A.B. asks: 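Pasting in a structure now, in structure tokens, and then I'll have a few things to ask.
Remember, it's 1-based here, ligands and their atoms both numbered in the order they're listed. Counting begins at 1 with the first residue of the sequence. It should be emphasised that the depicted structure is a prediction, and the values quoted were computed from it without experimental measurement.
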Amino acid sequence: MPPCYTIVIKLGSSSLVDEVTREPRLANMSRLVETMVQLRRQGHRIIVVSSGAIAVGMRAMGYTTRPSKLATVQALASVGQGILIGLWDNLFKQLSQPISQILLTRNDIVDFTQYRNAVNTINEVLEMGVIPIVNENDTLSVAEIKFGDNDTLSAITAGMMHADYLFLMTDVEALYTANPRSDPMAQPILIVEKVEELQVNTDTDAGAGSGVGTGGMTTKLIAAELASSAGVVTIVSLSSRPEYMLDIVADIQDNEGTSVEEMKQKLADKVKKGHIPLHTRFLSLPRDHAIKSDKKFWILHGLKTKGSLIIDKGCFQALSRKNRAGLLPAGIVHVTGVFHESECVSLMVVDSKTSPIESAKLVGQCRVNYSSVEISMIKGCQSHEIEHILGFADSEYIAHRDNIAFPPLVEEVLM
Ligand code: GLU
């Protein structure tokens, strides 16, 4: 039996809706449905992240350009999301494939129990053989609680669900060294081992994406890096040829356990001979380096930071040791932003207590036991002084070690 995978498939607005008329691209959606049902019947667990609510809502209500007023966009999303899910349901129904709708905002996962609840629900839906269709709940989300774009949402979904693969379906076949539409010298990249080391020019990239979506290659690279840190392989493939996904998944199944070098050679050869369609694979960190803990992934990617704590190198070393300590007030050099107790903040490191704040490097995130005002008052002090300064001491730690998370290979940031 070939291995079965959990696969997240992200479909951008431009794959689902015509950019000019904003009519649904029915032929493409039907081929997507056929492909996804086929993958499902092969035993894979399929999760769809579908954009398009705003674009569909615009057409339904006769808008030719995206309105600037937030409430209007949200109203259009509420009109469009219903039509969009109805359309998906209609198409999947033809092949007797049940679907479910999952609308998320960051607010829905702000509490770890809620986060786990969302994971359990999606798992239950998958166990039933259903294909969940996820979108950002645009109707209710404002900037503070937004995932932002669906590339990011799909990478977070893939990490949350411990997916094996994330397909970012887009209007180019692969990642190129530059924008292939404007630069004839642009070369496709088949395999990316480390996204952060990638040298590509995304300046002329659609940047803010197509006329109907919000993504572009830049957000895809961010999504791929996030997914990779969670052990998920990201694939960029052509959305107008959904059936390519079948060839790519079959190739992955055939090459389980192949070394990266061998995979690179084989893939280049197969693409050249036309045995497999052109696409890009962003390899993930090996499972033993990737983020394994749900709590850590949630702190790093589920929560939005409200400020930052700047700590010195000695403090960082104590926090990143294997039997790491909690974050004590003594290690804190500066506090920025306004936040309350239990909120999430960035952790940034400076060489020494006298280093300029501008030299601080981002190393991780944590949930704090005290507010920004309180931390400003107790920074640099010993824990036994907290009560004297604040009049109370809820904890000796600014953040407990279970509430501190560093991304994999964080030490490299400081080198
Ligand atoms: N959630 C938005 C929508 O459904 C799209 C966001 C995106 O494409 O990144 O219209």
Side-chain angles (χ1 to χ4, degrees), residues 8-25 28-29 32 47-61 63-89 99-109 118 132-158 166-172 202 205-227 234 236-237 239-240 301 304:
V8 176
I9 300 169
K10 186 264 169 176
L11 307 168
S13 299
S14 59
S15 318
L16 307 175
V17 177
D18 185 277
E19 279 192 45
V20 180
T21 63
R22 295 205 161 76
E23 287 170 328
R25 298 180 60 187
N28 206 38
M29 287 179 86
L32 276 162
I47 302 169
V48 179
V49 175
S50 167
S51 306
I54 298 169
V56 168
M58 280 167 62
R59 172 167 178 257
M61 301 314 292
Y63 282 77
T64 48
T65 51
R66 192 180 163 114
S68 53
K69 193 172 151 207
L70 177 65
T72 314
V73 175
Q74 292 183 308
L76 292 177
S78 82
V79 173
Q81 181 63 33
I83 301 174
L84 182 67
I85 206 74
L87 198 50
W88 279 126
D89 193 40
I99 60 158
S100 80
Q101 170 178 253
I102 307 216
L103 297 178
L104 288 173
T105 68
R106 272 188 202 268
N107 251 8
D108 301 315
I109 55 168
I133 301 189
V134 181
N135 195 3
E136 173 132 35
N137 194 353
D138 296 302
T139 301
L140 296 180
S141 61
V142 288
E144 294 72 36
I145 56 164
K146 249 192 178 315
F147 290 102
D149 60 84
N150 276 8
D151 290 325
T152 307
L153 175 62
S154 66
I156 293 178
T157 306
L166 164 64
F167 276 88
L168 297 176
M169 304 301 283
T170 185
D171 52 2
V172 285
T202 52
D205 166 27
S210 63
V212 288
T214 53
M217 207 39 95
T218 315
T219 53
K220 291 188 175 47
L221 297 184
I222 297 169
E225 191 172 357
L226 196 163
T234 301
V236 167
S237 177
S239 60
S240 57
H301 302 298
K304 198 136 187 171

A.B. asks: Test of understanding: given a 4.0 Å heavy-atom threshold, classify the contact between N135 and ligand 1 as side chain, backbone, both, or neither.
C.D. replies: side chain
A.B. asks: Run the numbers for me: atoms of ligand 1, each under 4.0 Å from some heavy atom of A53, listed by number.
C.D. replies: 3 (C), 4 (O), 10 (O)
A.B. asks: Looking at every non-hydrogen atom in both residues, tell me the closest pair between L16 and M29 and how far apart they are.
C.D. replies: CD2-CG, 3.9 Å
A.B. asks: For L84 and S51, work out which heavy atoms get closest and say how close.
C.D. replies: CD2-O, 3.3 Å
A.B. asks: Would you find a donor on one side and an acceptor on the other, under 3.5 Å apart, between the side chain of Q74 and the backbone of S141?
C.D. replies: yes
A.B. asks: Given 3.5 Å as the limit, does a donor-acceptor pair link the side chain of N28 with the main chain of S239, or not?
C.D. replies: yes
A.B. asks: What's the separation between atom CG in L103 and atom CG in D108, rounded to the nearest 0.5 Å?
C.D. replies: 9.0 Å
A.B. asks: For D149, take its heavy atoms, then give the atoms of ligand 1 lying under 4.0 Å from any of them.
C.D. replies: 9 (O)
A.B. asks: Using distance alone, decide if ligand 1 has a nitrogen or oxygen within less than 3.5 Å of any nitrogen or oxygen in G52.
C.D. replies: yes
A.B. asks: If the cut-off is 4.0 Å to any non-hydrogen atom of I54, which atoms of ligand 1 fall inside it?
C.D. replies: 3 (C), 10 (O)
A.B. asks: If you take all heavy atoms of R59 and T21, which pair is closest and at what distance?
C.D. replies: CD-O, 3.7 Å
A.B. asks: Going by the order shown, which atoms of ligand 1 are within less than 4.0 Å of some heavy atom of S51?
C.D. replies: 4 (O), 5 (C), 7 (C), 8 (O)
A.B. asks: Check each heavy atom of N150 against ligand 1 and say whether those closer than 4.0 Å belong to the side chain, the backbone, both or neither.
C.D. replies: both
A.B. asks: So for G12, does at least one of its heavy atoms come nearer than 4.0 angstrom to any atom of ligand 1?
C.D. replies: no
A.B. asks: Between ligand 1 and D138, is the shortest N or O to N or O distance under 3.5 Å?
C.D. replies: yes
A.B. asks: Between D149 (side chain) and T152 (backbone), is there a donor-acceptor pair under 3.5 Å?
C.D. replies: yes
